[in-house]
Amino acid sequence: MVNNKKFYVTTAIDYVNAPPHCGHAFEKIIADAIVRWYKLKGKDVWFLTGTDENAQKNAQVAKEQGIPVQKFVDKNSKLFIELCKKLNIDYDDFIKTTEKRHVKVAQEIFKKVYDKGEIYKGKYEGHYCKGCESFITEKELVNGKCPEHDKKPEWLSEEAYFFKLSKYRNQIIKFIENYIIPVSRKKEILSRLKNEELRNLCVSRSNLNWGIDSPIDKDFKIYVWLDALTNYLTGASGNWPADIHVIGKNLIICWL
Ligand SMILES: [Zn+2]
């Protein structure tokens, strides 16, 4: 079979709880410049960008504004599409993670990973920051508050599903050694991986009315990070794996 895979470039998908700012523009312009460079070199390129819409934060802000959540995320997602138009960002596909095509892929992947025994049910307890949409370790707290949001996190205890991330430590290290640039960021993340414990990743949330349903347990939603990451598969259009992911430095660190 002839391999028709295109050179595949992605960006982070943007949170739609607020309108775009210049950081979003910066990332898209960089990605677009890379795409144009490869096109000049004669490559066939597939360029994907989009918006991350299943976060609980969206449901909260929509409620505050008295708008249905889907309407709210659609409204803000449009602003990101307009931003791309204004900047002449030449993407091939714009993915919204509330689209049916994405929900289907996110659920299929979750199910596949579960069926392989890589996801298990356990219990999660800890400090949860709504702003970060994640648990924060004791060590990360500053004066009992999330350093990023300057807010006291809630204490949360819940049944949850976990992905056996720690099992893949060596593979992740190997991957990062080969791929991340600039080197300073690579060193930063490698030093954390080598010096800190890599915990299993909580991949579900309960008691939410917004998000993608877990395909294996109706009481749970798929954790928004896991659903967001699979957008690169949903939008790959046969070009998987991606050749370049352009992403903010905080997003690399977030996963550990
Ligand atoms: Zn926070």
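A quick note: this is a predicted structure, and the numbers were derived from the prediction, not measured. Atoms within a ligand are numbered from 1 in the order they appear, just like the ligands themselves.
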Donor-acceptor list for residues 64-72 side chains, cut-off 3.5 Å, not counting sequence neighbours:
unit_1: Gln70; atom_1: NE2; unit_2: Asp74; atom_2: OD1; d: 3.0
unit_1: Gln70; atom_1: NE2; unit_2: Thr98; atom_2: OG1; d: 3.1

Does the side chain of Asp14 come under 3.5 Å of the side chain of Thr51 through a donor N or O and an acceptor N or O?
->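 There is no such pair between these side chains.
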Per-pair distances, 0.1 Å, donor-acceptor, side chain in residues 158-165, under 3.5 Å, sequence neighbours excluded:
unit_1: Glu158; atom_1: OE1; unit_2: Ser206; atom_2: OG; d: 3.4
unit_1: Tyr161; atom_1: OH; unit_2: Asp217; atom_2: OD2; d: 2.6
unit_1: Lys164; atom_1: NZ; unit_2: Gly117; atom_2: O; d: 2.7

Close to the Zn ion (ligand 1), meaning under 2.8 Å, how many protein N, O or S atoms are there?
->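 Protein N, O or S neighbours of the Zn ion (ligand 1) under 2.8 Å, waters not counted, come to 4.
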Answer yes or no: is there a side-chain heavy-atom contact under 4.5 Å between Tyr232 and Leu48?
->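 Tyr232 vs Leu48: side chains touch.
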Is the count of non-hydrogen atoms from other residues, nucleotides or ligands lying under 6.0 Å from Asn143 atom CG greater than 12?
->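 At most 12 heavy atoms, drawn from other residues, nucleotides or ligands, come within 6.0 Å of this atom.
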Who are the salt bridge (Lys or Arg N to Asp or Glu O under 4.0 Å) partners of Glu99, not counting sequence neighbours?
->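 For Glu99 the salt bridge (Lys or Arg N to Asp or Glu O under 4.0 Å) partners, ignoring immediate neighbours, are Arg101.
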